[in-house]
Structure formats: structure tokens, C-alpha cells
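Small disclaimer: the values here were computed from a predicted structure and weren't measured. Chain identifiers are assigned alphabetically (A, B, ...) following the order of the sequence lines, protein sequences preceding nucleic acid strands; residue numbering begins at 1 within each chain.
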Amino acid sequence: MESVSSRPGCQAFERGEMSMPHTRDRYIVTVDDREFDVTISRDVEGYVLEHKGEKRHVAVRRLSEKKFLLNIDAASSEVDIARDGNKLDVFLEGKHMDVRVEPYDLAELRKRAGLAVDGPEEKVIRAPMPGLVLTSEVKPGEKVEKGKTLIIIEAMKMENMIRAPFPGTVKEIFVDAGQAVEKNDKLMELE
Amino acid sequence: MESVSSRPGCQAFERGEMSMPHTRDRYIVTVDDREFDVTISRDVEGYVLEHKGEKRHVAVRRLSEKKFLLNIDAASSEVDIARDGNKLDVFLEGKHMDVRVEPYDLAELRKRAGLAVDGPEEKVIRAPMPGLVLTSEVKPGEKVEKGKTLIIIEAMKMENMIRAPFPGTVKEIFVDAGQAVEKNDKLMELE
Amino acid sequence: MTTPITKILVANRGEIAIRVIRACRDAKITSVAIYSGCDDTAYHVRLADEAYWVGPAPSRDSYLNQRRIIEVAKISGAQAIHPGYGFLAENAAFAKLCEDSGIIFIGPKSETIALLGDKLEARRTAIKAGLPVVPGTDFDITDMSQVKQNAQEIGFPILVKAAAGGGGKGMRVVRADDPLEESIASAVREAGSAFGDGRVYFERYLERPRHVEIQILADMHGNAIHLGERECSVQRRHQKVIEESPSPIMTEELRSRMGKAAVDIVKESGYIGAGTVEFLVDQDRSFYFLEVNTRLQVEHPVTEMVTGIDIVREQFRIAEGQELSFRQEDVRPYGHAIECRIYAEDPHQDFMPSTGTITEYREPAGPGIRIDSGVLSGSEIPIYYDPIIAKLVIWGRTREEAMERTLRAVMEYRISGVHTTLDFACAVMRSRGFILGDYATDFIDREFPKRDFVCRDATVEERAAIAAILYEHLSRHKVTTTMARTPQDDSGWKAYHRARGVRRLNGGR
Amino acid sequence: MTTPITKILVANRGEIAIRVIRACRDAKITSVAIYSGCDDTAYHVRLADEAYWVGPAPSRDSYLNQRRIIEVAKISGAQAIHPGYGFLAENAAFAKLCEDSGIIFIGPKSETIALLGDKLEARRTAIKAGLPVVPGTDFDITDMSQVKQNAQEIGFPILVKAAAGGGGKGMRVVRADDPLEESIASAVREAGSAFGDGRVYFERYLERPRHVEIQILADMHGNAIHLGERECSVQRRHQKVIEESPSPIMTEELRSRMGKAAVDIVKESGYIGAGTVEFLVDQDRSFYFLEVNTRLQVEHPVTEMVTGIDIVREQFRIAEGQELSFRQEDVRPYGHAIECRIYAEDPHQDFMPSTGTITEYREPAGPGIRIDSGVLSGSEIPIYYDPIIAKLVIWGRTREEAMERTLRAVMEYRISGVHTTLDFACAVMRSRGFILGDYATDFIDREFPKRDFVCRDATVEERAAIAAILYEHLSRHKVTTTMARTPQDDSGWKAYHRARGVRRLNGGR
């Protein structure tokens with residue numbers, strides 16, 4: 001390794017680096033709806049990631065708790081990564097992406113068991129933002145088409161229509177008009 | 001106290017506040033070369049600081065580890081404060097100031113003992129920045145006038161003349177030409 | 001007779017408060033900020049010379065708290081109040097309260113605001129001044145049983161508008177087979193919540209008009225000047241999101257006719273101050289009076305960029321009783337400006353507001369870029385107010401250069417923690433309709449029927465995958481990143497690049 | 001014949017690398033950054049499309065590492081190299097190496113750089129082109145025993161200059177009673193360190209000249225155009241710190257004569273590219289050729305702000321073999337621009353460089369402000385390179401407006417962690433000489449003989465005292481600030497302001 005100056009003004013350059021063992025691993029990665037089957041290993045040059053026979057040479061540097069600078073085949077990318085439950089929120093070029101990384105073996109087992117990566121489909125409608133419930137436009141037992149307005153939430157002085165993400169029947173409504181809700185509060189369950 | 005919303009988007013406003021006991025204290029504060037004799041107390045409105053009979057009503061809010069927002073008789077000031085040895089580095093309106101705060105009683109004792117706030121005068125010349133010593137322009141035993149160039153340090157490709165801050169005699173030189181120095185390294189002692 | 005103003009209370013928050021505070025600094029006028037319970041460390045509070053609390057977070061208790069604001073003006077010794085846009089900017093009662101309290105309201109006289117703020121009165125004034133108007137009702141809707149008939153008389157599609165409205169709030173397009181009553185009820189509720197005045201009325205909805213507006217300035221000495229147009233047809237939820245000047249359809253001849261029309265209604269209404277006369281322009285380049293906005297507009301910087309005139313400072317001059325600092329013939333627009341409003345909204349989720357903390361905020365810079373923003377890293381986007389984060393205003397010698405720079409700026413901008421409309425702005429700059437300048441108020445529906453504002457590099461998902469794998473792989477192998485400085489410790493960053501030098505790569509983007 | 005450029009290697013760091021990377025983005029050209037060991041997370045690396053390591057921190061090993069840079073250009077597939085300013089920008093050998101390697105050097109041909117880079121050759125060329133020059137030696141100083149006589153022949157005061165020089169490095173004013181040999185030795189050392197060429201020569205030192213320069217652009221088709229002047233008389237250590245355009249002393253007639261002179265030497269030397277012809281102007285408004293800078297200047301944005309022309313993009317066009325995008329008659333400067341260079345230096349300590357980490361970095365914004373910066377919060381200022389942090393470039397309709405906005409911007413700027421020249425810029429904007437436009441290169445000595453660049457509000461020390469007392473008092477009473485949310489927990493912030501409403505205050509500022 002090249003010897004580096006420890007004089008002030010250049011210390012950043014020795015901090016925050018990440019080391020890793022010389023192993024070789026295979027992962028299944030899902031970015032939004034796209035799946036990648038990737039092998040990662042280390043060579044003298046840095047990391048090598050292989051996907052469908054194509055190799056990428058990658059160097060990584062941690063800039064802060066959640067921020068990384070990647071150099072992929074010389075291309076620079078600044079990436080924010082935060083863990084959000086069982087997935088990662090990856091923020092890159094102004095785009096937030098939901099990313100799931102599974103070791104290949106686990107993903108195989110899961111697939112053979114016929115399970116989706118997300119587990120059973122979520123039938124609960126949640127508040128996409130904090131706000132005030134203005135009205136509920138449906139009643140329990142009512143059948144709804146996809147896109148039907150279920151509930152109206154006021155936030156930032158705008159009325160926001162919460163629509164049915166899929167067709168179904170209203171099973172239960174958890175909120176009343178005039179009620180304040182937090183982000184991700186349960187609003188309604190469809191079935 | 002007014003009840004505040006705990007809804008997201010406004011939580012910042014309950015965080016990072018500072019509480020203090022209802023005491024009354026007197027301090028001597030030195031800002032660069034100016035001295036203030038200030039009494040601080042708390043009233044229903046916030047803090048009251050009194051200097052030469054003039055009162056200032058002050059509210060303070062911590063923005064981050066080192067950053068404060070002050071409201072002094074309604075005037076807003078954003079201040080960075082960092083402890084630097086026995087003094088504070090206060091950064092305000094683009095200006096770094098050396099500030100020393102002493103409880104009034106201690107300051108009185110010190111003054112009666114005839115001691116300066118800084119202790120005995122520093123006769124050691126230190127490097128004001130990291131760099132490379134180019135030449136020493138004086139020899140041990142040499143008498144120097146105030147302002148005489150003692151040592152030349154190269155940094156950022158510029159030659160920086162380190163001059164005598166007061167007249168004296170060179171007692172000892174701690175560095176050689178070609179030597180790299182860090183900020184605050186001892187360069188020379190005058191007497 | 002002029003009254004020098006030395007202290008101004010800025011009765012607003014966010015980017016527009018900051019815009020006015022900056023103009024105060026330039027003019028060596030002391031600025032007084034006000035803030036609600038949730039804004040006590042907001043950027044406008046930090047930048048102002050003085051700051052006063054005016055009430056709890058909800059705007060009716062703070063930024064709309066008229067008595068308290070007047071009280072603060074008096075306590076602080078401010079001679080004038082600048083209302084910004086929104087909140088009290090077009091509230092005639094507040095302007096009147098200022099006048100009665102001996103405080104200069106920086107805007108038109110209260111009776112002018114009342115006259116033009118009532119959209120129906122404004123129509124009548126326009127007709128009187130000889131301006132063409134869109135067909136519509138000249139009464140507000142009170143009898144819900146009559147609405148179907150009213151609508152049919154005008155002819156579908158109709159546009160339900162709030163009489164007290166502005167900013168697209170309380171506005172609904174209703175087509176022949178839409179549920180008319182539901183739309184009206186919703187518009188009434190929204191208008192009531194936004195303006196405290198639920199009156200709505202109908203206008204014929206022009207299918208593909210362009211929304212073009214003329215900036216005007218009028219002083220107390222009878223000088224009324226226009227600063228050319230802004231094209232504001234790119235809208236979502238009937239609210240402007242991207243504006244530009246000059247308008248791609250503008251000709252010298254049309255500009256001078258529209259400019260004259262704008263000055264005519266200004267003179268007819270005895271208008272004093274800065275204002276905007278909005279028009280709809282149809283495909284034949286016929287124009288129709290829409291309304292007068294009796295305030296500083298969100299998009300005023302577009303005009304500032306092409307004319308070089310500081311509209312806020314001219315407002316100060318007018319309020320002081322001075323003459324405008326220039327004449328009509330001195331206004332010579334140069335180059336092209338585009339404004340993209342950056343909202344905390346998710347364009348992929350129907351522009352749903354996105355609240356939370358802005359964890360990182362880094363603005364683009366360089367030639368031709370002006371950003372009027374209201375936030376810093378760590379700022380929160382509260383649910384109580386408009387979710388605007390900033391306005392990205394770009395100037396270029398040509399429209400093409402302005403678009404190139406806008407794209408660059410959008411790519412360079414980093415806002416994390418909340419969703420933003422940056423992606424949308426990027427997609428617009430790359431859309432055929434915008435590039436050709438061939439668009440109208442139905443721009444989004446025509447250009448993005450599926451709301452697929454995809455804009456990024458094709459490799460972005462692959463790069464996200466690589467980042468995520470490295471992140472998980474390193475966590476899985478229990479590698480901490482703080483234990484640096486062991487001899488093996490190496491990110492590959494340097495070794496990689498030393499080796500890279502010796503052979504040719506395939507990759508890159 | 002034109003060669004489209006699709007990928008450019010930017011052989012620089014900091015703000016100028018970023019400036020060029022932004023122009024690449026605008027032109028849809030892929031940018032390749034290079035970085036030294038201490039810049040691997042620098043802002044220019046983050047903004048570029050690609051980034052390659054070129055060597056350890058010292059510039060001779062990295063940013064001056066010619067072979068390595070050429071190698072990276074080839075590896076990355078860049079057809080062209082933009083050198084920025086400094087480093088290899090005026091290095092004829094490097095330009096030659098590019099030419100020989102089949103890489104476009106974005107700058108003049110290597111022989112033009114060699115000709116004009118040698119200040120003595122440049123003098124001869126200027127004389128040939130009919131430009132007036134300052135009296136001086138036409139040989140470099142080799143025989144130290146002769147220097148006294150040489151100096152006396154020219155007449156004191158003399159100016160010792162580096163033949164390979166630029167940016168004030170290796171430059172010394174020597175008066176009759178100054179130690180001549182010591183000054184020369186120091187200049188030789190500094191020139192050697194900065195340029196790898198220790199040759200120096202003498203010129204007559206004009207006592208109070210103004211430093212005025214003309215920006216030129218010349219393409220391969222024989223078009224040579226000037227973009228008007230920049231006034232660069234505000235200097236410290238013989239290095240410009242504040243520039244403006246137009247010059248306060250400029251007249252239409254003088255501009256056209258100086259512009260013609262600049263174009264004449266451009267034509268005489270077969271110059272192609274962007275460049276600057278520097279002149280000294282004396283109190284009679286006579287001007288003397290000083291030198292040609294065969295590169296993009298630090299202060300080029302001043303010209304961009306008043307002309308609207310993107311000089312870097314014109315460099316790209318010229319390098320591609322295209323014609324300039326405009327003619328001389330299209331250049332119509334409008335308004336006034338001022339640039340303040342913000343250095344990591346302590347103006348109160350003789351502009352001593354200040355290294356360290358920028359703990360907070362927050363730029364001003366709003367109308368008329370452009371910032372070309374090279375840093376972010378958390379950036380380090382290394383000792384290896386020029387301590388420039390950013391360039392604050394301000395436009396106003398009038399010189400007065402530009403000064404007002406500059407003051408506002410300086411006040412709004414927040415850079416903590418290192419000392420900066422912000423205070424100095426502020427003091428200059430408030431100084432009588434600058435306000436009147438009545439200044440020359442001795443500006444600092446005349447206006448600030450005691451170097452007392454005091455600029456801030458008189459209450460700043462009192463406020464610092466208050467802040468410090470609160471800080472110490474709270475620590476002393478062992479109040480932690482993280483244990484918030486107890487019922488008594490109250491900063492006084494809200495209670496204070498509620499109560500403030502009920503009575504009049506004395507204070508404020």
C-alpha cells in the first residue's frame with residue numbers, strides 16, 4: 001500500500017475506510033421490481049461484482065454514517081443508504097429505491113417454498129403522510145374498484161385522495177373523520 | 001407552558017432545549033481584549049443579562065452540538081461555540097473570537113493576586129499553520145526587533161514570514177530548514 | 001412625498017420570507033421575521049435581523065394571526081409589512097387593518113385587493129377596461145340544486161373556481177359525466193380551509209389554453225409599467241410548477257398587446273404596487289383575461305432574471321412613495337429564464353406531499369443558477385404549510401442553454417429525507433413537448449399520461465444494487481467502518497486506481 | 001473541419017475543476033476528474049462522471065504528473081484535456097505532450113504558450129504588435145553581482161518578477177533601501193517551488209497603476225473577439241482578490257482602444273482559445289501591456305455575468321474547431337459584476353493561510369449571486385494547494401446594487417472551521433476608495449494601513465459575550481441539553497416571545 005501523508009489537511013483520506021475479508025459470496029438483489037443475481041469478491045484492485053458474466057470493478061468509501069462514494073469502473077456515484085425494516089432505502093441521483101439483498105442460498109430456499117420476497121400481500125391501507133382525515137368515502141362491506149377514492153386526508157392545505165391500490169371489499173376502517181393520523185397509521189383494511 | 005403539537009414536522013421544536021436553575025450569577029467575560037462584567041438571571045420571560053445597568057432579554061436554542069441560535073432583545077444571532085483549552089472559540093457573523101468566562105469571585109481573586117488572565121506571557125513562537133520550514137533567518141543569541149522575520153514557512157506554495165511578536169533575544173530554535181511542522185509546533189523561544 | 005422605510009416586518013415564512021429579507025439587507029432596511037411554534041429555528045428566523053413568535057403551528061393561529069402580527073410590527077417598530085405570497089398577501093381585511101394601524105402594507109390599497117380579489121368583480125373591471133374574458137358565471141354558487149343547470153348553460157367542461165382563490169386551491173375541472181356536486185363540495189371545503197371563504201363559481205374550461213401572465217409595477221405617480229410575460233402552462237393540481245420567460249409562443253406584437261391590456265386594467269383599477277395580470281392564450285394566440293394577482297408571485301424571479309430588475313426592491317420604492325427606478329423603454333429582456341418549483345412531493349404518487357426531515361440539502365451552483373430556498377440540512381417540512389422547498393431559477397442566453405443548465409442543476413441538487421419534484425423537473429426538461437415549446441395547461445396529461453417521470457440514467461438500478469450488496473455484505477461480515485487504520489484496512493480505492501491505470505476498461509457510463 | 005468532443009479530462013481540482021465539469025454537463029460531454037491522494041472524496045470527484053487517482057498529495061506527484069494524466073486520458077477515452085488555471089494550464093511542455101499524444105489540449109497551441117509564457121518574449125511580441133509596454137529588463141537575472149546596477153538603471157522601485165510566473169508568485173517589490181539580494185533570492189526560491197523555473201527579471205514598478213485586463217476569445221477561423229475588461233486592482237501579496245467589470249475608470253473610447261490592442265496581440269501571436277491580455281493603466285488613463293495569460297482566468301465569471309457568455313463552453317467550441325457562437329457586435333455588457341475570492345486565510349494575520357476542516361459551509365443565495373466553490377461541509381483545506389475556497393460573483397443592474405448585494409452575500413455566508421477572507425471582502429465593500437471606484441493596486445496599503453479589516457456590527461462582541469456566558473453558565477450548573485422534555489424544560493424561547501408582545505423593548509440592533 002502506498003504510504004500516505006498524515007499531515008493535517010489530508011487525514012480524511014485515511015478515515016472511514018471499510019475493510020472486508022477475502023471471501024466470495026452470491027446475492028439476489030431486488031431493486032424496486034428488478035432482480036439481480038450478483039457474485040461479489042475481492043481482488044487486488046478492490047471489489048469485483050459479477051452479474052450475468054459482466055464484471056464491475058468497484059471501490060467504496062464511507063463519507064458519513066449513511067453516505068457512501070462509489071467508484072464503479074471509474075464512474076463516481078454518491079449514494080445514501082439507510083436500513084428501513086428488512087429492506088434498504090438507497091438514494092441515488094435523486095431517486096429513492098427500495099432494495100432487498102438476500103444471500104443466494106436463502107433466496108433459493110424462499111423461492112422453492114413459493115414465498116414472495118415481501119411475504120403475504122399487504123391488504124392494509126396506510127397513511128402515506130401525516131395529516132387530518134377529512135372524510136371516508138366508503139363503508140365497511142363495500143366493494144371497491146382499483147383507483148376508487150377511499151379516504152381523503154388533508155395535509156399542507158391540500159386534499160389528498162387515498163385510492164384503492166387493488167380491487168377488493170372494505171373489511172374494516174380504523175379512522176374517523178377529523179382524526180389526525182401519523183405517517184403509516186392504518187387507515188383501512190381491504191380483503 | 002403552551003402545549004405543543006407532537007406531530008411530525010414539528011418535533012424539532014421540542015428537542016435540544018436547555019433548562020437551567022433559577023440562580024443569579026456574576027461573570028467577568030473577556031472577548032478578545034474587551035472585558036464585560038455581567039450578571040445573569042432567569043425571569044418568566046427567559047434569561048436576563050445585565051451589563052453596566054443595561055438589561056438584555058435573551059432566549060437560546062441549541063441547533064446542534066456546537067451551534068446555538070440566540071434571540072437577544074428580539075435580534076437573531078447564529079453562534080458556534082467550541083471549547084478550546086481554557087477559553088471558548090465563539091464564531092459569530094463570520095468572526096472568530098477568543099472568549100474567556102470567569103466567575104466574578106474567581107476573577108477578583110486572580111486580579112488581586114496580580115495575575116493576567118492568560119498566565120505568564122508566552123515567549124515561545126509556534127507554527128501558525130502546518131508547512132515546511134524553508135529557512136531560519138536568525139541565530140540563537142541574536143537580538144531581534146519586533147516584526148523581524150524569524151523563520152520562513154512554506155505552505156500552499158506561498159512563503160509565510162513568521163515575525164517576532166515582541167523584541168527579544170533568540171534563546172533556542174527548535175526546527176531545522178527542510179523540516180515539516182504541524183500547527184502549533186514550537187519553532188523558537190525568545191527571551 | 002416619500003416616507004423612508006427603515007424596518008420591515010416580513011409576514012411570511014420559507015423561501016419567500018427569505019427573498020424579502022434579502023431585499024431588505026440590500027436596501028439596508030432592518031428585517032423582522034415572525035415565526036410559528038414549529039418554525040422557531042427555521043432559516044428565515046436565522047437570516048432575519050429580528051424574530052418574533054406569533055403563535056402555534058397552524059397558520060390560522062400564527063401566520064394568519066392578523067392582530068398579533070400588527071402587534072409585533074408595533075413592538076418592533078417596523079413601519080411596513082411585506083406579506084410575501086399566500087397567507088395574508090391578498091387579504092383585503094389585513095391590508096385595511098395595516099392602513100388603520102398606520103402601518104404601510106407593501107401591496108396595493110385594501111380596496112384594490114378587495115375589488116380584484118373578488119374574481120367576479122375583477123371580471124367586471126377587466127370588461128370595463130376593454131379586456132377580453134372567458135365565458136362564465138357572474139355569481140357565486142349558493143344553490144346546489146341549480147348547479148347542474150348553471151353548468152349546462154355555460155357548457156361542459158366547466159372549471160369550478162374559488163371566488164377568493166389562488167394557487168389552484170378549491171379548483172376542479174368538471175366534465176359532462178363527472179359527479180358535479182361532489183366536486184363542488186370538495187372545492188368548497190378546500191377553499192374554506194385555505195382561504196376561510198368557501199364561495200366558488202364556474203367558468204368555461206378552455207381545453208388546451210396556455211397560461212401566460214404579465215408582470216406589472218405601478219407607482220403612486222401614475223407610472224404603470226409591464227415587465228413582459230411569464231409562461232406558466234406546466235401545472236399539476238392546477239398549480240404552476242415550471243415557468244419560463246419569454247413564452248415560446250410570444251411575438252413582439254403579442255407581447256405589446258398583452259402588456260398594454262395588463263397596464264389598462266392596472267390603470268382602470270387604480271392599482272399601486274407589483275402585480276400580475278393572468279391570461280389564457282388559445283391556439284390562435286387570442287388571449288383572455290383570467291385574473292389579477294395583487295401580490296408578488298412565486299415565479300417573479302423568472303422576470304428578474306431576464307430583465308435584471310429586482311421586483312421586491314421596486315415594491316419597497318413604491319411603498320416609500322418613490323417613483324419606479326426605470327421607464328417602460330428601459331425594460332429590455334435578455335436571454336431566457338426557467339423556474340422549477342421544488343416541492344416536497346412524490347411525483348410518482350400523484351404529487352402526494354412528503355413530510356419529514358431533510359437529512360441532506362445541497363444546492364447546485366455555477367453559471368446561470370439562482371436558488372431561492374427556504375431550508376437547510378436538518379430542516380423539517382411541516383404538514384401545516386405549502387410543501388415548497390425551493391425555487392430553482394435558471395438563466396441562459398438562449399432557451400436551449402437555459403434547459404441544458406436546468407438539467408445540470410437538477411442532477412446536481414441533492415435533497416434526501418423527503419421525496420421531491422426534482423425527478424419531475426428533469427423529465428419535463430427531457431420531454432418532447434417542453435423541448436419544442438409546444439405545450440399547454442394539459443401538458444402533464446398529454447406528455448406523461450402514465451405519470452412515468454423517469455429521468456435517470458439507465459444504470460441507476462444496477463448501481464443501487466451494487467451499493468446495497470456492498471453495504472449488506474460488509475454488515476454481514478461484521479466489518480465495522482470505525483476500526484480503520486489496521487494494516488489490511490483498505491477500501492480498494494487507491495489500489496484500484498493504481499491498477500486501473502494499466503489496462504483499458506469496458507465500463508463507465 | 002470540426003472534431004466533436006464527447007469526453008473531457010479535467011486536469012485540476014477545487015472550484016475550477018467543478019466549473020469545467022459543470023460546463024461539460026451543460027454540453028452533454030462526459031467529464032473525467034483526476035484526484036490526488038488527499039482529494040479522493042473531494043467535491044470535484046463527486047460531481048464528475050468518472051474519477052481517476054493520479055498520485056499522492058503533493059502536486060508534482062499528482063496534478064502536475066503529466067505522464068500519468070495523459071495515461072488516464074487514454075484509459076478513460078477522453079479526447080480532450082481542460083487544464084483549468086494553475087497547475088499545467090500554462091505549461092507548454094504539457095500542451096506539447098497532449099498534441100503528440102493525439103489529445104486536444106483545451107488552450108492555445110504549445111508554441112503560443114511557450115512564446116507568451118516567457119514574459120520577455122511576450123514583451124517583444126507586444127512591441128511588435130504595436131502595444132505600449134512598461135520599461136524593464138529584457139534578460140533574466142543570472143549574475144547576482146550585477147543586480148544592483150541593473151536595478152539602478154531601470155530606477156527604483158523595481159518589481160522582481162518570475163519569467164515563468166503568474167498569480168503573484170515569485171514577485172517582489174524592491175525599493176531603493178530594501179535588501180535587494182534577499183528579495184531576489186526569496187523570489188527565485190518561490191518561483192522555483194511554484195513553477196519549477198526560478199528565473200526572475202525586473203520591471204519598473206509603477207507606483208499606483210490600475211490593473212485592467214481584457215478577456216479575449218479566438219477561434220481557428222480567424223475570429224478574434226474581446227469581451228470587455230475586468231478591473232483587478234484590489235490585490236494582496238500581488239495576487240488579485242476582488243475583481244469587477246466594468247472598471248470604474250473605463251470609458252467607451254478607452255475600452256475600444258484596449259480591446260483593439262488585445263485583439264492585435266492575439267492576432268500577432270496566432271493565438272487560439274480563451275485568454276486574457278493584462279494591462280497597467282496609470283492615472284492619465286494611459287495603458288501598458290503587462291502580459292498575456294494563456295488560460296482561463298480565476299476571474300472569468302465576472303465577464304460571464306455582464307456579457308451572458310459562457311466562456312468555458314466557448315473554449316469547448318473552439319477546441320472542436322467550431323466558430324465562436326457570436327460576433328464582436330453581439331457582445332453588449334449589461335449591468336455590473338463583482339467577484340470576491342474567498343480564501344482560507346486570516347486577513348488579520350497578514351493573509352496567513354489557514355488549513356483545517358470546514359466544519360460548516362453554507363452559501364448565500366438570492367438575486368444576483370453566483371458561487372463557484374470547491375468545497376462542502378466537512379471538506380478539508382489541504383496545505384498542498386492554493387487555499388481558495390470559493391468565488392463569490394455578484395451581479396447588479398448598477399455598481400451600487402452589485403456592492404449592496406455583495407455585502408449581503410458576505411454577511412449571509414457561513415464558513416466555520418478555518419479563517420476566511422470574508423471579513424476582508426466586507427471591509428473592502430465598505431471602504432471609501434472602493435465605494436468611489438477610486439483605487440489602484442496599492443489599495444490595501446492606502447485604505448487599510450493597519451490591516452484593520454473590521455467590518456462587523458458593533459454589538460458583535462457583546463453578543464459573543466452573552467453567548468459565552470450562557471454556554472459556560474449552563475455547563476457550570478451541569479445542565480445537559482440532551483435530557484430535554486422534563487416539564488421545567490424550557491429555553492425561554494416561547495415564554496419570552498409571548499411576554500415580549502405586551503411591552504415595548506429598548507433593544508434590538
Side-chain angles (χ1 to χ4, degrees), chain A residues 1-2 14-21 23 25 27 29 31-32 34 36 38 40 42 44-47 49 51 56-62 68 70-75 77-81 88 90-97 99 101 128-131 134 154-160 183, chain C residues 169 186 189-190 193-194 237 349 352-355 360 383-387 410-411 413-416 419-420 422-423 426 456-457 460-474 477 479 481 484-486 488-500 505-509:
Chain A
M1 219 183 120
E2 159 211 349
E14 290 192 305
R15 281 201 302 265
E17 302 194 350
M18 304 199 299
S19 67
M20 63 173 280
T23 53
D25 284 304
Y27 293 94
V29 193
V31 181
D32 291 341
R34 256 180 92 188
F36 298 84
V38 182
I40 178 170
R42 178 95 191 255
V44 64
E45 298 185 349
Y47 305 129
L49 284 88
H51 169 58
R56 295 275 179 261
H57 296 85
V58 183
V60 61
R61 173 166 292 282
R62 188 164 217 150
F68 299 84
L70 290 186
N71 189 298
I72 304 173
D73 289 347
S77 288
E78 212 174 315
V79 190
D80 294 0
I81 305 182
L88 299 175
V90 177
F91 179 76
L92 180 59
E93 279 191 25
K95 196 173 164 153
H96 284 277
M97 283 164 281
V99 183
V101 180
M129 81 205 92
L134 284 185
E154 189 190 88
M156 279 112 162
K157 300 283 170 212
M158 297 293 284
E159 299 197 348
N160 299 281
K183 187 174 175 175
Chain C
K169 284 164 189 165
S186 164
R189 274 198 310 273
E190 197 170 294
S193 157
R237 294 170 179 251
Q349 302 279 338
M352 185 84 81
S354 170
T355 57
E360 184 185 19
I383 62 161
Y384 299 101
Y385 319 112
D386 253 14
V410 164
M411 296 297 204
Y413 224 133
R414 278 191 82 91
I415 307 175
S416 16
H419 288 277
T420 73
L422 280 170
D423 241 18
C426 177
R456 305 296 159 158
D457 195 289
V460 72
E461 284 164 355
E462 187 190 319
R463 285 182 286 145
I466 290 173
I469 286 176
L470 278 168
Y471 184 85
E472 285 286 15
H473 188 73
L474 295 166
H477 289 279
V479 178
T481 57
R485 287 188 192 264
T486 60
Q488 302 89 328
D489 178 54
D490 183 2
S491 63
W493 193 263
K494 280 160 288 166
Y496 171 65
H497 286 295
R498 271 202 307 284
R500 293 253 67 64
L505 298 172
N506 314 315
R509 49 165 170 161

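The aromatic rings of Phe91(A) and His96(A) lie tilted to each other, with the angle between the two planes from 30° to 60°.
Closest heavy-atom contact between Arg463(C) and Glu93(A): NH2-OE2, 2.8 Å. Here the shortest heavy-atom pairing between Ala467(C) and Val79(A) reads CB-CG1, 3.9 Å.
Ion pairing between a basic and an acidic side chain is recognised when a charged N comes within 4.0 Å of a carboxylate O; Arg56(A) and Glu462(C) show such pairing.
Using a 4.5 Å cut-off between heavy atoms, Ile466(C) touches chain A through backbone and side chain atoms alike. Residue Leu92(A) touches chain C through both its backbone and its side chain, counting heavy-atom pairs closer than 4.5 Å. Residue contact with chain C, scored on non-hydrogen atoms closer than 4.5 Å, involves the backbone and the side chain of Val101(A) alike. For Ser186(C), the parts lying near chain A are the backbone and the side chain together; criterion is any non-hydrogen pair under 4.5 Å. In this structure, the portion of Phe36(A) lying under 4.5 Å from any heavy atom of chain C is its side chain and not its backbone. Of the atoms belonging to Glu360(C), it is side-chain heavy atoms, and not backbone ones, that fall under 4.5 Å from chain A.
For the pair Glu461(C) and Lys95(A), the minimum side-chain heavy-atom distance is below 4.5 Å. Side-chain contact between Arg414(C) and Asp80(A): present, with at least one pair of heavy atoms (C-beta onward) separated by less than 4.5 Å.
When Ser354(C), Pro353(C), Ala465(C) are compared by the number of non-hydrogen pairs under 4.5 Å with chain A, Pro353(C) comes out ahead. Of the listed residues Leu49(A), Val99(A), Val29(A), Ile81(A), the one with more heavy-atom pairs under 4.5 angstrom with chain C than any other is Ile81(A).
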